[in-house]
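Step one of this worksheet: look at the structure below.
In this text, all values refer to a predicted model and were calculated from it rather than measured experimentally. Positions are given from 1, in the same order as the sequence printed here.
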Amino acid sequence: MASFGLQAAPKIMSVRAILIGLALVILQTAITPYNDYYLQGTDISGNHFPLGAVFTLIFFTLIVNPILKKTFPRAVLNPGELIIVWVMMGVSSAIPSKGMIGYLLPYLAAPVYFATPENEWAETLHPYFPEWLIVWDEHAVTDFYEGESFVPWALWAKPLIVWTVFILLLYALTICVSIVLRKQWIERERFIFPLVTVPVEMVQQTSMHAGLNSLFRNRLIWVGFGIAALFHLLNGLHEYFPALPRIPNRYDLYTPFTERPWIVMGWWPQFRFFLYFSVIGITYFLAMEVSFSCWFFFLFFKLQYIIINAFAIPISPWISARGQTMAAYVVMVLAFLLNSRSHIKDLLKRTFLESAASTTIDDSDEVLPYRWAVLGTIFSFLLLVGLCVYAGMSFWIACSIIMLFLIASTALSWMVVNGGMLLIQAPMYPVEYFEIIAGSRIVDANSLALLGFQRVMMRDWGGILMPSVLHGFKAADPLRLNRRSILGAMVLAIVVAIGVSYAASLPLIYEKGGLNLQRGPFIGSPRYFNHMVSLIQYPKDPKLGEAYSMILGAGITGFLLIMQRQFMWWQLHPIGYVMGAVYSSYFLWSCMCVGWFLKYLALKSGGIGYYRQFRPLFMGFIIGEFGIVGFWMVIGIFTGVNYQGALPG
């Protein structure tokens, strides 16, 4: 792990850093819709180690700062300023894409455009949608999907204002919960934050007196950089000159398995080997039990698939795995609450029992005073519920859905900040807990219709805000940055990114047409309303098979938590089980297996000394892959040639 020792750096953020960060947030947000949805290249923000932010940090560290040191030393960006730029870009990177706006805009036009007599959306859904919720004008939504038109801003104004209020409340809730979690996770449980390691190590030794810091004088970092860079340079050139060879980064391992029960190796998530040098590099910095568990439990779930198929157990293997994962999230959050009971007691005591001037519980160095954070959590939650109820949703459904969203967000954030999972995904939506346990009959038709919009904020869990906020809080510590200033920079970046997302996305969509952009967000995802129509017209009974799977998942998760807490020798980590059957494991398991094995060899061969000696090599893998993939992304924006599949996600 990186050395997070305290460095001499200004505690007050410079105006220059804020302005540079803001300018780059605007630039990144403006080009993301064009890159992600029109060119369909490697996503700028496809995971929680976003390409745009990391590439910018590499560019400033390896190119801009060394030039400034020789030509204009006073202009060199210090470590704190570089981290501020990285935090601002990271926290805002997913907003214009799959993290929020990329799914929101299609959902505001799709209910009218895709309504047909066959799907009965107009009869079943439209009566439950308030006038201010979506765009109702048929000409406006037709132009949205078919293009060659201009944005009718007046028709979009009302739903955009309402949804912006909802988004800001949701983000306020997320930030307040992150503040509540910060002390427990960073200072008490000492989560390792592997994805903060690379940015901090890159900038921590930056000096005005040398061309490159000591990290980049190590030969091994350039060996790792060269291996990853050569791989992506060759594959990138292949996109421009097809006669040049291309090295594949995906290998189908399931093709030999053609007979029952082994045929399930080709069922989702398929048994494939992906080659991502950055994932191998990040895995090297993880705890051994985490990296081992992540690939072990992928194979564990594949074994479940084989057993279910071999014995003709009457449940789909994927459905069984999904039910286990859904229960694991709830058990994990209950365990967090149990482990944090002392911290929660302090929070509640400080909020409701002590005066603001009391120093019994010191929160002077927190991001916000505990009272503000707790009351902010409560009020933003209630305002979100109130907005949902005003739209027509039942009060208890609104409370339950937002609470389940927080449960999933917290569990997934734990996987990112403690397990280094740069790619996360949840295999469900909150309403599915009701469908499985009690059936859909308990949810009224108005609420079901409105729950069709849950995919706006929960279709791509890889874009949730909480991990990025926690990364920002953690990155502030080794550089002694003022936490409240970091929060201000993040809020500024978020607000600006929302506005720029609208301004950049809608003109592009109305020019090109949603039907000609990436199919998933614009065509595939809104068809989730078909499921809501089915539930309204044909209410479903509880799904006992999945309920039994949830019981199994809760038991396994509880067992793993107990064993991990009680026995130092126990090597199976709950993170591996929680991610073992989902989208992220499909991309990550193979490289995590390689990274784990290489770290195992280093430790067995030379102990901690060898581990430290080879750290720069794996840092080079990360910097080389992100540096060259980012280079091709920038070139592709001008040439229109995309470089796909280079990073997980």
Are any non-hydrogen side-chain atoms of [X] and [Y] less than 4.5 angstrom apart?
{"X": "I175", "Y": "V367", "result": "no"}
{"X": "L470", "Y": "F191", "result": "no"}
{"X": "M619", "Y": "I623", "result": "yes"}
{"X": "F473", "Y": "R483", "result": "no"}
{"X": "I464", "Y": "I424", "result": "yes"}
{"X": "M202", "Y": "I58", "result": "yes"}
{"X": "F587", "Y": "V279", "result": "no"}
{"X": "L368", "Y": "L487", "result": "yes"}

I need the full list of side chain to side chain donor-acceptor pair (under 3.5 Å) pairs touching residues 279-293, with sequence neighbours left out, sorted by first then second residue.
none
Quick test of your reading: applying side chain to side chain donor-acceptor pair (under 3.5 Å), list the pairs with at least one residue in residues 176-191, sequence neighbours left out, ordered by first then second residue.
R182-E187, R182-E366, K183-E187, Q184-E189, R188-D346
Apply side-chain contact (heavy atoms from CB on, under 4.5 Å) to residues M288 and F292 and explain how you reach the verdict.
CA-CA 6 Å; M288 290 289 286; F292 171 76; 5.9 Å; no
Please check: side-chain N/O of [X] versus main-chain N/O of [Y], any donor-acceptor pairing under 3.5 Å?
{"X": "N47", "Y": "F49", "result": "yes"}
{"X": "R615", "Y": "R612", "result": "no"}
{"X": "S380", "Y": "T377", "result": "yes"}
{"X": "R16", "Y": "A75", "result": "yes"}
{"X": "Y433", "Y": "M326", "result": "yes"}
{"X": "T557", "Y": "A554", "result": "no"}
{"X": "S409", "Y": "L406", "result": "no"}
{"X": "S97", "Y": "A94", "result": "no"}

Using 30° and 60° as the class boundaries, would you call the ring planes of F597 and Y600 parallel, tilted or perpendicular?
parallel
Indicate the atoms forming the closest heavy-atom contact of [X] with [Y], along with that distance.
{"X": "V416", "Y": "P467", "value": "CG1-CB, 3.8 Å"}
{"X": "G580", "Y": "F301", "value": "C-CD1, 3.6 Å"}
{"X": "S278", "Y": "I622", "value": "O-CG1, 3.7 Å"}
{"X": "H343", "Y": "Y370", "value": "CE1-OH, 3.8 Å"}
{"X": "L412", "Y": "Q425", "value": "CD2-O, 3.9 Å"}
{"X": "T29", "Y": "S501", "value": "CG2-OG, 3.3 Å"}

Could you check K474 against V417 for side-chain contact (heavy atoms from CB on, under 4.5 Å), going step by step and ending with a plain yes or no?
CA-CA 9 Å; K474 176 62 179 178; V417 303; over 6 Å; no
Distance, nearest 0.5 Å, that separates [atom1] of [X] from [atom2] of [Y]:
{"X": "I407", "Y": "M332", "atom1": "CD1", "atom2": "CE", "result": "12.5 Å"}
{"X": "S468", "Y": "M89", "atom1": "OG", "atom2": "CE", "result": "12.5 Å"}
{"X": "F298", "Y": "L588", "atom1": "CZ", "atom2": "CG", "result": "10.5 Å"}
{"X": "Y329", "Y": "W414", "atom1": "OH", "atom2": "CH2", "result": "10.5 Å"}
{"X": "L169", "Y": "T164", "atom1": "CG", "atom2": "OG1", "result": "11.0 Å"}
{"X": "M428", "Y": "Q454", "atom1": "CE", "atom2": "CD", "result": "9.5 Å"}

Looking at R484, I want to see if its CZ is surrounded by more than 12 non-hydrogen atoms of other residues, nucleotides or ligands under 6.0 Å.
yes
Under 6.0 Å from the CZ atom of F336, do we count more than 12 heavy atoms belonging to anything else shown?
yes
Chi angles and distances behind the side-chain contact (heavy atoms from CB on, under 4.5 Å) call for E81, V85
CA-CA 6 Å; E81 291 173 321; V85 171; 5.7 Å; no
So which of F225, Y276, F277 actually passes ring pair (Phe, Tyr, Trp, His ring centres under 6.0 Å) with F621?
F277
From the list F285, F618, F296, W295, ring pair (Phe, Tyr, Trp, His ring centres under 6.0 Å) partner of W596 resolves to W295
Audit row: Y583, Y586, ring pair (Phe, Tyr, Trp, His ring centres under 6.0 Å) steps and yes/no:
CA-CA 5 Å; Y583 175 82; Y586 166 70; 7.1 Å; no
Is there a side-chain contact (heavy atoms from CB on, under 4.5 Å) between Y610 and K599? Walk through the geometry before answering.
CA-CA 9 Å; Y610 268 30; K599 182 175 181 178; over 6 Å; no
